[in-house]
Amino acid sequence: MKSDSGDNQIQQRWARVRGYLRRECGDAAFRSWLKPLTLVGMRGSELRMAVPTRFMRDWVATHYGVRLLELWQIETKDILTVEVIVDPGRSEHSSADATGGDATRPAEPAPVPPVSPSEPGRAGSDLVLSGLDARCTFDNFVVGKPNEFAYAAAQRVSEAGAVPFNPLFLYGGVGLGKTHLMHAIAWAIRRRAPDRRVIYLSAERFTVLFVRAIKEKDVMAFKDVFRNVDVLMVDDLQFIVGKESTQEEFFHTFNALVDQGRQVVLSADRSPSDLEGIEERLKSRLAWGLVADIHPTTYELRLGILQSKAEQAKFEVPPKVLEFLADKITSNVRELEGALVRLAHDLQFVGGVITLETAQEILHDLLRASDRRVTIEEIQKRVAEHYNIKLSDMHSARRARAVARPRQVAMYLSKQLTSRSLPEIGRKFGRDHTTVMHAVKKVEELTSIDNGFAEDLDLLRRMLEG
Amino acid sequence: MSAAPELQLVIDLPHRTAASREDFLVAACNRAAVAWIDRWPDWPQPALGVHGPAGCGKTHLARVWQARAGAVQVDANDVGAAAVAGARHVLIDFDADATLPRSAERGLLHLYNRLREERGHLLLCHREAPARWPTELPDLASRLSAMPAAAIADPDDSLLAAVLVKQFADRQVAVAADLIEFLVRHMERSFVAARTLVAALDNAALSRRRPVTIPLAREVLAAIAGERQA
């Protein structure tokens, strides 16, 4: 059992957490979503909090769950998880007695009519924040020919007090920056007009929430949230295809917002007319506003992106490596940036400087479709060619240095590049495993004293692996 | 068994594998993967791929991370359910030759997106680097290609020796240093071969009631080589 002072302490902590949340999220969001949160109590390392409806629980858990836990953990390290449960019996008024004895009372599962937060119609404000990537701003977006139109349109939307075009429909292939632009719009609106209520979410999440709302007979609250925003942004609209009732609901939401002069921003991997499986009437409305496409990147844009990202990360990469990446990784920006991140981190682990060779090695899975498994026969053939000796000399009894050295090199490479046992390698050279071990030792000695030999060996290895 | 009545029947009792971070053998071939796991939660992206040949220690590393992150392991076939809601950190550790089913591609994409939004993490362990998975869904393919991937390569001699010692220790079999040296010189030099060999040696020693020695090892290696040729 907790003592009274324990209860007091946790209440004080909750008061502080609430204070932070109010400041961080703004009054409107706080009133809608966080004020109704009540403290249930601790159960082991789990802190339980309650909200009156399931729909609210989902919103709070999705959008504020992480932050809530972080704030609680600032207060006390004892809390490892924060669980938000549904308890229609509780309201903010009962929060005063919200600890201790009834912590184990099971949450009421029965669906309830939506309990409107204190200010009906203000729900949903600022929901956007937790899912947004802080790095995705307009400043960090590298503009070039292929994306300048979409960029300009996105900026226009974020600046406007009035709605310039509705909807803004951004489309383009994967990883070209649609989501980046949407996040940038949200950040910019938040900075310029913190009062505007913005929701950003993926079409997939829209579907999940809608299906759940239907199941839990909570559709009114769902509609309430989505039809009372100033800006609605739905990403990856192609994922709504084929989901009829979600599509229907989206259509009504969309119409309601457009009719009220609220901004809608949508993205998809193809243009509205190419979205198969979407009703014609929705298709045509999607194209009413401005449709802006993002084209595949050009070499110049890719190089510009790499230079800008490397500079931001204070990551020194030789221009030759950046040019190589811009040339090789052409599919999309996400992979391009991913490659740079991988280079930066792998180098931290292994040390050294970045060169064209290290870059190729670190990114080999990306640059090459598969790793070939080299065979001993291939090694023998390549090495014989390289040193200009006959292939048969690889297993002949001749001991002249002109053939013995290449043979040792081939044995060494067979050990390095295959997982064959030493006796097996020996057999392929008509020798036993001790000869292989001797060859390996000899080659290692030579590489440490003879730079030219070492480079030669490295060249052979690369040729065989490449 | 009738052919060799003097042999004792060996029941393959599961031995307990030491699988904490301290039990993991760090060497050149797995240093990057270990470094990635050790630096969690400081990962630049929501997901990490760890890939390498069978028996290279992917699952061991995955367990270490799972315990540290409090992650939930999800079967690739059930990834759709995990995508909608659930754990903040997720582990998908593919069995030997398993691949991501086509039907799970969408689920994995949405799981990735959810974890990115919730600042969670996903660890994918597979034979092959995620960038090389044959993926149909372009949105998923680009995420798989962009995520950091740490490769575990075939072991060098010293790691191979250490792996043998550890696997004998897991089975509580005491072996001499010269035996290990003998094995490293004569066996196929891969993780999976080490595992097969130690199991075969342990079985042979138990069934013949003989200690694990070089002569026994020679017999077992010959038998394994014979099986491979057959």
Side-chain angles (χ1 to χ4, degrees), chain A residues 58 61-63 65-66 69 80-81 130-133 173-175 201-202 204-205 208 211-212 235-236 238-239 269 329 331-339 341-342 344-346 348-350 362-371 415-424 433-434 436-437, chain B residues 28 31-36 38-39 42-45 49 51 53 70 83-85 88 106 109-110 113-114 116-120 128-132 137-151 154-157 160 184-193 221 224-225 228:
Chain A
D58 292 340
T62 311
H63 294 90
V66 175
L69 176 61
L80 296 180
T81 51
S130 64
L132 290 182
D133 188 332
V174 297
L201 81 177
S202 65
E204 171 69 15
R205 184 153 286 282
V208 167
V211 169
R212 203 175 288 168
D235 209 348
D236 284 328
Q238 70 271 16
F239 287 118
D269 64 356
I329 304 176
S331 43
N332 61 58
V333 180
R334 181 183 293 129
E335 284 173 34
L336 202 60
E337 292 188 25
V341 166
R342 287 177 59 181
H345 282 78
D346 274 44
Q348 275 180 20
F349 301 150
V350 292
I362 291 169
L363 301 174
H364 74 283
D365 59 289
L366 199 61
L367 298 170
R368 267 180 295 163
S370 64
D371 283 326
K415 177 168 185 259
Q416 296 300 312
L417 302 180
T418 77
S419 62
R420 296 282 160 249
S421 70
L422 302 188
E424 204 174 331
H433 76 278
T434 54
V436 180
M437 283 162 60
Chain B
R31 184 155 293 132
V34 174
W36 274 110
D38 281 349
R39 73 177 291 149
D42 179 20
W43 287 359
Q45 287 183 30
H51 60 99
V84 174
R88 187 167 162 212
R106 253 187 149 163
L109 170 68
H110 296 313
N113 287 344
R114 175 175 75 80
R116 187 191 57 203
E117 280 178 22
E118 295 174 10
R119 296 188 179 85
E128 192 61 281
R132 288 180 177 166
L137 193 61
D139 298 77
L140 178 63
S142 84
R143 282 163 179 79
L144 292 175
S145 296
M147 71 174 60
D154 276 331
D156 58 18
D157 288 356
L160 193 61
V184 170
R185 281 180 193 177
H186 289 85
M187 65 186 285
E188 182 192 316
R189 292 158 305 114
S190 70
F191 290 107
V192 72
L221 280 166
I224 292 176
R228 257 215 351 221

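Chain letters run A, B, ... following the sequence lines, proteins first and then strands; every chain starts at 1.
Heavy-atom distances place no part of D156(B) under 4.5 Å from chain A, backbone and side chain included. For A150(B), no part lies under 4.5 angstrom from a heavy atom of chain A. Neither the backbone nor the side chain of T434(A) comes within less than 4.5 Å of any heavy atom in chain B. The part of L109(B) that comes within reach of chain A is its side chain, from C-beta onward, which places non-hydrogen atoms under 4.5 angstrom from that chain.
Separation of atoms CZ (R132(B)) and NE2 (H364(A)) is listed at 5.0 Å; rounding is to 0.5 Å. Residue D139(B) holds its CG atom at 5.5 Å from CD of Q238(A), rounded to the nearest 0.5 Å. Separating the CE atom in M147(B) from the CG atom in L366(A) is a distance of 11.5 Å, to the nearest 0.5 Å. To the nearest 0.5 Å, the span separating CZ on R119(B) from CG on L69(A) amounts to 12.5 Å.
Taking M187(B), H186(B), R106(B) one by one and counting their heavy-atom pairs under 4.5 Å with chain A, the maximum is reached by H186(B). By number of non-hydrogen pairs under 4.5 angstrom with chain B, the leading residue of G338(A), P423(A), A344(A) is P423(A). Per-residue counts of heavy-atom pairs under 4.5 Å with chain A were compared for S145(B), A193(B), A151(B), S190(B); the largest is that of S145(B). Of the listed residues N113(B), D157(B), L144(B), the one with more heavy-atom pairs under 4.5 angstrom with chain A than any other is D157(B). Of all the listed residues (Q416(A), K415(A), R205(A)), the one sharing the greatest number of non-hydrogen pairs under 4.5 Å with chain B is K415(A).
Counting only heavy atoms from C-beta outward, the side chains of H345(A) and P148(B) never approach each other to under 4.5 Å. At a threshold of 4.5 Å between non-hydrogen side-chain atoms, the residues V341(A) and Q45(B) count as touching.
The minimum heavy-atom distance between E188(B) and S421(A), with the atom names listed, is N-CB, 3.6 Å. Of all the heavy atoms in A149(B) and D365(A), the pair that sits closest is CB-OD2, 4.3 Å. Across S142(B) and E335(A), no two heavy atoms sit closer than the pair CA-OE2, 3.3 Å.
Ring geometry for F239(A) versus H110(B): interplanar angle over 60°, hence perpendicular rather than tilted (30 to 60°).
The backbone N or O of L422(A) sits nowhere less than 3.5 Å from a side-chain atom of R185(B) that would complete a donor-acceptor pair.
Remark: R368(A) engages no residue in a salt bridge (Lys or Arg N to Asp or Glu O under 4.0 Å) (not counting sequence neighbours).
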